[in-house]
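This report concerns only the one structure given below.
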Amino acid sequence: MPQTEGYDSQLDRAAELIRSGQLVALPTETVYGLGADALDPEAVASIYQAKGRPSDNPLIIHVPNDRSWLDRYCRQVPELAYELAEAFWPGPLTMILKRDPIVPDRTTGGLDTVGIRCPDHPVTLEIIRRADRPIAAPSANTSGRPSCTRAAEVLEDVGGRIAAVVDGGDCRVGVESTIIDLTGPTPCLLRPGGMPLELLEALCGPIQRDPATLRQMSGSEQPRAPGMKYRHYAPKAPVTVVTGAAEKTADYIARQGGPTTGVICFEEFAGHFPTSQVAVLGPLHDMTQQARNVFSVLRSFDERQVDQIYAQCPESTGLGLAVANRLKKAAGFHVIELEGER
Ligand code: TXA
Ligand code: MG
């Protein structure tokens, strides 16, 4: 964005709205966030209201890339957290740490831990700096819908219920941050996301995976990230994910249904199906592109007349792990494995 006076006063206005307890949707590199002052319980309560979000689902707080902010809001910070911040912030990595009591219960859903990250977006970093507050921000979608990667989608979902949207263009990463819990004896992955697990493991060693990252939780199970238990990202029509070699999954999907079947596929296979209701994730081997598109592809089916949706699925490596996870969550983990994971 150009450094004009108009731009500068927009940042001041957004920071002022945050300081006065209002809701402002903000761009990040992952997805748009619905921001409020993380230290103001009433402002935070209005986030839950605007999204229709269950109150036991805690929020991530967004801070500048500065060790002193980690120390202000977290307690018993392990050395590994500073090392991860040094290596990967600003960026799509959220760390779960013991919270300092200054962070209100409303923000952490009553947990004694807090999710904290430094977003890699100059506009939002500047707004945090000017507001001089940590900003609590869930993804800016209505609860249960796919996350928003464009300002127009934020307006569609929560436009009437917030003070402002700061338009920072389309989100560069497209899936939410990777969440790592650092409060246990070994690091644990709570949500795969925009920071590939392999990069984190190169620094931390092996990272455990919370079962909620792999399968649907049953009613009695409690995932460590409360948000992972909710049905998510789901279009209105039921979704089935098909895993296996791309040619095989394309053939399988082509044999299912007909003109009212929706298909999510790789670019190479777009002409392969007996339906015009096809949405392209991106080229087969371009997971960066797939991550950027996955939520708008899922959203696109709410405007299409389809009674079921089949999806091809990338390999679970690099960003593919997050893309596959979002598709499988949209499918309620209804997955057909043609030959197991490739
Ligand atoms: O990329 C992102 O992380 C985006 C942008 C806006 O920063 N934010 C985001 O927030 O995805 P949200 O609220 O949609 O998802 C946060 C997830 C939820 O599943 C929540 O349960 C989990 O993080 N979470 C937050 N604080 C936690 C905590 N203290 N312990 C465990 N899980 C936590
Ligand atoms: Mg969300």
Side-chain angles (χ1 to χ4, degrees), residues 23-36 38 44 47-48 50-63 73-75 88-100 103-121 124-125 127-128 134-149 153-154 157-158 166 168 171-184 188-195 210 212-213 217 222-234 291 295 298 322 325-326 329-330:
L23 298 186
V24 180
L26 298 166
T28 83
E29 79 283 28
T30 58
V31 299
Y32 274 81
L34 187 50
V44 167
I47 294 181
Y48 286 89
K51 270 184 70 89
R53 180 179 177 105
S55 60
D56 69 344
N57 192 1
L59 304 175
I60 294 170
I61 68 170
H62 297 71
V63 297
Y73 304 112
C74 305
R75 284 265 175 94
F88 299 113
W89 278 4
L93 171 68
T94 295
M95 299 191 280
I96 307 295
L97 296 164
K98 291 275 178 215
R99 76 157 160 173
D100 187 280
V103 183
D105 276 344
R106 272 273 166 77
T107 302
T108 67
L111 297 176
D112 65 349
T113 57
V114 62
I116 187 164
R117 92 171 185 103
C118 173
D120 188 11
H121 200 294
T124 291
L125 283 176
I127 292 170
I128 298 169
I135 295 185
S139 51
N141 52 289
T142 310
S143 212
R145 290 207 80 199
S147 302
C148 302
T149 55
E153 294 170 349
V154 177
D157 272 27
V158 294
V166 179
C171 298
R172 175 172 59 77
V173 176
V175 289
E176 306 90 333
S177 59
T178 301
I179 305 180
I180 303 288
D181 186 344
L182 296 177
T183 62
C188 181
L189 176 71
L190 305 193
R191 178 177 74 182
M195 180 63 68
D210 191 64
T213 63
M217 295 283 93
Q222 280 298 336
R224 282 162 70 173
M228 295 294 276
K229 71 174 174 272
Y230 296 108
R231 187 172 148 87
H232 234 134
Y233 312 132
F295 286 132
L298 286 167
N325 171 268
R326 303 309 187 265
K329 286 207 72 158

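We count ligands from 1, going down the list as the structure has it; atoms in each ligand are counted the same way.
- Distances below 4.0 Å separate heavy atoms of A137 from the following atoms of ligand 1: 6 (C), 8 (N), 10 (O).
- On a distance-only criterion, I60 and ligand 1 share no N/O pair closer than 3.5 Å.
- Taken from CG in L93 to CZ in F88, the straight-line distance is 7.5 Å, to the nearest 0.5 Å.
- With hydrogens left out, the protein atom closest to atom 15 (O) of ligand 1 is R191 NH1, 3.1 Å, a heavy atom.
- Heavy atoms of other residues, nucleotides or ligands lying less than 6.0 angstrom from CZ of R106 number 12 at most.
- For atom 18 (C) of ligand 1, the closest non-hydrogen atom on the protein side is N57 OD1, 3.6 Å.
- Looking from atom 9 (C) of ligand 1 to the surrounding protein, the closest heavy atom is S139 N, 3.7 Å.
- Residues M228 and D210 form no side-chain contact, since every pair of their non-hydrogen atoms from C-beta on lies 4.5 Å or further apart.
- Considering only non-hydrogen protein atoms, atom 7 (O) of ligand 1 sits nearest to H62 NE2, 2.6 Å.
- Proximity of L111 to ligand 1, defined as any heavy-atom pair under 4.0 Å, is confined to the side chain (atoms from C-beta onward).
- Of the polar atoms of T28, none of the N or O atoms is found under 3.5 Å from an N or O of ligand 1, judged by distance alone.
- Listed by number with element, the atoms of ligand 1 under 4.0 Å from a non-hydrogen atom of T113 are 28 (C), 29 (N), 30 (N).
- In plain terms, the two heavy atoms of L125 and P90 that are nearest each other are CD1-CB, 4.4 Å.
- Within the set G227, P58, P27, G115, the minimum heavy-atom distance to atom 25 (C) of ligand 1 is found for P58.
- Here the protein heavy atom with the shortest distance to atom 28 (C) of ligand 1 is I96 CD1, 3.5 Å.
- The N/O atoms of T30, backbone and side chain alike, include one that comes under 3.5 Å of an N/O atom in ligand 1.
- A donor atom on one side chain and an acceptor atom on the other are found under 3.5 Å apart for T30 and R117.
- No heavy atom of T108 sits closer than 4.0 Å to any atom of ligand 1.
- At distances below 3.5 Å, not a single donor-acceptor pair connects side-chain atoms of T108 with backbone N or O atoms of P58.
- The minimum heavy-atom distance between V103 and Y73, with the atom names listed, is CG2-O, 3.7 Å.
- Taking 4.0 Å as the cut-off, P92 does not count as a neighbour of ligand 1 on heavy-atom distance.
- Distances from the Mg ion (ligand 2) show that S139 has an N/O/S atom below 2.8 Å.
- Among protein heavy atoms, atom 13 (O) of ligand 1 sits closest to R53 NH2, 2.8 Å.
- Ligand 1 has no nitrogen or oxygen under 3.5 angstrom from a nitrogen or oxygen of E176.
- In this structure, the protein non-hydrogen atom closest to atom 6 (C) of ligand 1 is G33 CA, 3.5 Å.
- In terms of protein heavy-atom proximity, atom 17 (C) of ligand 1 is closest to I179 CD1, 3.6 Å.
- Interatomic distance, H121 NE2 to I128 CD1, rounded to the nearest 0.5 Å: 11.5 Å.
- Every N/O-N/O distance between Y32 and ligand 1 stays at or above 3.5 Å.
- The side chain to side chain contact (heavy atoms under 4.5 Å, CB included) test with N141 is passed by exactly one of L34, D157, V158: D157.
- The contact set between ligand 1 and V114, taken as ligand atoms under 4.0 Å from a residue heavy atom, comprises 29 (N).
- For the side chain to side chain donor-acceptor pair (under 3.5 Å) with R99, the qualifying choice from T107, T113, D105, D112 is D105, the only one to do so.
- Against a heavy-atom cut-off of under 4.0 Å, R117 is close to the following atoms of ligand 1: 1 (O), 2 (C), 3 (O), 5 (C), 7 (O).
- Here I179 contributes atom CD1 and M95 contributes atom CE; the two are 12.5 Å apart, rounded to the nearest 0.5 Å.
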